[in-house]
2 protein chains.
Amino acid sequence: MGLRIAIFDDNKNIRESISMLLNTEPDFALVGSFGHVLDCVRDVRESKPDVVLMDIEMPGMTGIEAVKAIKKEFPQVQILMQTVFEDDDRVFDSICAGASGYILKNFLNTKLVDAIRELQYGGSPMSPSVARKVLNKMQSVSSVIMPEEAPDYHLTPREKEVLGCLVNGQSYKMIAAELFISYETVRSHVKKIYEKLHVASLTEVVAKAINQRIV
Amino acid sequence: MGLRIAIFDDNKNIRESISMLLNTEPDFALVGSFGHVLDCVRDVRESKPDVVLMDIEMPGMTGIEAVKAIKKEFPQVQILMQTVFEDDDRVFDSICAGASGYILKNFLNTKLVDAIRELQYGGSPMSPSVARKVLNKMQSVSSVIMPEEAPDYHLTPREKEVLGCLVNGQSYKMIAAELFISYETVRSHVKKIYEKLHVASLTEVVAKAINQRIV
DNA sequence: GCTACAATCCCCGAAAGTGGTGACGGCTGG
DNA sequence: CCAGCCGTCACCACTTTCGGGGATTGTAGC
């Protein structure tokens, strides 16, 4: 049984080149070749490919949106992006959209078959230069998702509970009702929280709590 | 001029194997070979490598911490992680720590020299299987850093400015002073913001603004 | 020229939050 | 057993925010 492959590329010559490349591999079956992505979901549904080659620069809907749409309907489809540029943001966006590999058009001839094989075996082919961009992006966002050791403010469990309600935008009254305590008690907790977080207003508390992931 | 390389690996045999591998390349210079990372910063300072090969499994300080320490002092040093496992989390942690490449020990013989060359040229060598793990991680965190399509609330520039001050915990008075407008004007803007964000209190505004990165 | 809207300003009454101070029971560790 | 902390509640005086109005200027678009 062969590997079913579909191409999306607005350049007819490239589609034909790829087609010829794939023909050299006996177990590769080209099941679709499309010049635009406007009907990409339907195209994929009908051609049922295992692997999709997607040009990142496409007229109409961009290749990245197409990836999103296809991945949403057919999560198991492996998508290999092909592009002439190594644009940082688009590499990143493609990955977030669900692309599994990234190949430069300059290297289609020499690398395409290998790349597809890698996809087949569960890898993510990408050139080291693209990988570098991915890593850079990753490092730049790691500070966002890991907000350098959050200082411990020694909040008691109850205080954390109140804090959680605050960041949900609840008023003292609402919190009192939810926690089955009096309005004044909520105030007491909030006052303690103010002291411990060294702030003086609700907005500061909420901002600090969210930014430092105390919630 | 050659490329200066240092090795950190607790296995003496591996260090020697690598040493021999590197010797086959005339422009590679092994400037350090260390069995532990306890003095890694000092070792790097003294041996001044361009590229560091770091074993991820090390006694005492872990290789990942070592990467962090080295990168902090010498950000320009390229670090290639080597490991026997393709552990998702550690791959991810290494990248966040600042590693630039990832190579499996099984493939040291065939890939090491190529990998170092890639590093030299500004790439990030990694096997497709490792790349896949990186991509997976990336996709899983993308939802955190891009919290489901941020709707556009059509805030005017001025409103965004006020909103920015709010999430900094400033009171209306302080904002008025900072933006050189009257207290009442600040109120007007805030009222508009309330309408547009469909909220009814400052805390909700702050929470929404931060969580949806409107700031 | 008219409309739309951003940006500025104003007032009032009601609601919510802030700061300080004090108090009570319960539980824990020295 | 007593000091210390958590969690609970209360009162007072004060500031700030909220939710309705309404008003003016200027600018951009039809």
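Chain identifiers are assigned alphabetically (A, B, ...) following the order of the sequence lines, protein sequences preceding nucleic acid strands; residue numbering begins at 1 within each chain.
Atom NE2 in B:H189 sits about 17 Å away from atom C1' in D:dT17, given to the nearest Å. Computed from coordinates, the B:M174 CE to C:dT18 P distance equals 13 Å when rounded to whole Å. For the pair A:H154 NE2 and D:dC5 P, the interatomic distance rounds to 12 Å; values are reported in whole Å. The nearest whole Å value for the distance from the CG atom in A:L202 to the C1' atom in C:dG19 is 14 Å. Here the C1' atom of nucleotide C:dG19 and the NE2 atom of A:H198 are 17 Å apart, to the nearest Å. Rounding to whole angstrom units, CG of residue B:L197 and P of D:dC18 are separated by 13 Å. Across the protein-nucleic acid pair, B:E204 atom CD and D:dC18 atom P stand 10 Å apart, rounded to whole Å. Regarding A:E195, its CD atom lies at a distance of 10 Å from the P atom of C:dG19, rounded to whole Å.
Across A:I64 and A:S94, no two heavy atoms sit closer than the pair CG1-OG, 3.7 Å. The two atoms that bring A:A6 and A:S47 nearest to each other are CB-OG, 4.4 Å, heavy atoms only. Closest approach of A:L53 to A:I5, counting heavy atoms only: CG-CG2, 4.3 Å.
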Let me have a per-nucleotide readout for nucleotides 19-30 of chain D, 5' to 3', with B, S or -, counting only protein heavy atoms under 4.0 Å. BBB---------
Quiz: residues 70-78 of chain A side-chain donor-acceptor pairs under 3.5 angstrom, not counting sequence neighbours:
from: A:K71; atom 1: NZ; to: A:P75; atom 2: O; distance (Å): 2.8
from: A:K71; atom 1: NZ; to: A:V77; atom 2: O; distance (Å): 2.9
from: A:Q78; atom 1: OE1; to: A:S100; atom 2: OG; distance (Å): 3.1
from: A:Q78; atom 1: OE1; to: B:R132; atom 2: NH1; distance (Å): 3.3
from: A:Q78; atom 1: OE1; to: B:R132; atom 2: NH2; distance (Å): 2.6
from: A:Q78; atom 1: NE2; to: A:Q76; atom 2: O; distance (Å): 3.4

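At C:dA15, none of the side-chain N or O atoms of A:Y172 fall inside 4.0 Å of OP1 or OP2 (strictly under the cut-off). A sub-4.0 Å separation between OP1 or OP2 of C:dC5 and a side-chain N or O of B:T156 is absent. Listed pair B:T185 / C:dA7 fails the phosphate criterion, with no side-chain N or O lying under 4.0 Å from OP1 or OP2.
When each of B:V67, B:I79, B:V44 is tested with B:F8 by the rule side-chain contact (heavy atoms from CB on, under 4.5 Å), just one qualifies, namely B:V44. The residue from A:Q212, A:K160, A:H198 that alone fulfils the side chain to side chain donor-acceptor pair (under 3.5 Å) condition with A:Y153 is A:Q212.
Qualifying side-chain contact (heavy atoms from CB on, under 4.5 Å) partners for A:R15, counting only residues two or more places apart in sequence or in other chains: A:I7, A:D9, A:K12, A:S33. The side-chain contact (heavy atoms from CB on, under 4.5 Å) search around B:K196 returns B:L155, B:T156, B:E159, not counting sequence neighbours. Looking at residues two or more places apart in sequence or on another chain, you find a side-chain contact (heavy atoms from CB on, under 4.5 Å) between B:K173 and B:S171, B:Y183. Qualifying side-chain contact (heavy atoms from CB on, under 4.5 Å) partners for B:T83, counting only residues two or more places apart in sequence or in other chains: B:I56, B:E57, B:F85, B:Y102, B:L104. Applying the salt bridge (Lys or Arg N to Asp or Glu O under 4.0 Å) rule to B:E161 yields the partners B:R158; only residues at least two apart in sequence or on another chain are considered. Listed by chain and number, the residues in a side-chain hydrogen bond (donor to acceptor under 3.5 Å, both in side chains) with B:E195 amount to none (sequence neighbours excluded). In this view, B:D55 and B:K105 satisfy the salt bridge (Lys or Arg N to Asp or Glu O under 4.0 Å) rule, not counting sequence neighbours.
Taking five base pairs at each end of the helix from C:dG1-D:dC30 to C:dG30-D:dC1, the local helix axes there meet at an angle of 50°, rounded to 10°.
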Kindly determine whether B:Q82 and B:L108 satisfy side-chain contact (heavy atoms from CB on, under 4.5 Å), including the steps that lead there. CA-CA 8 Å; B:Q82 41 167 323; B:L108 272 183; 3.9 Å; yes
Detail all sub-3.5 Å separations between protein N/O atoms and N/O atoms belonging to nucleotides 26-30 of chain C.
none

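Taking the side chain of B:S171 as heavy atoms from C-beta on, and the options D:dT17, C:dG17, C:dA7, the nearest nucleotide is D:dT17. Counting only heavy atoms from C-beta on, A:K196 has its side chain closest to D:dC6 among D:dC6, C:dA6, D:dG7.
Residues from residues 175-183 of chain A that place a heavy atom under 4.0 Å from any atom of DNA chain C, listed by number: A:Y183.
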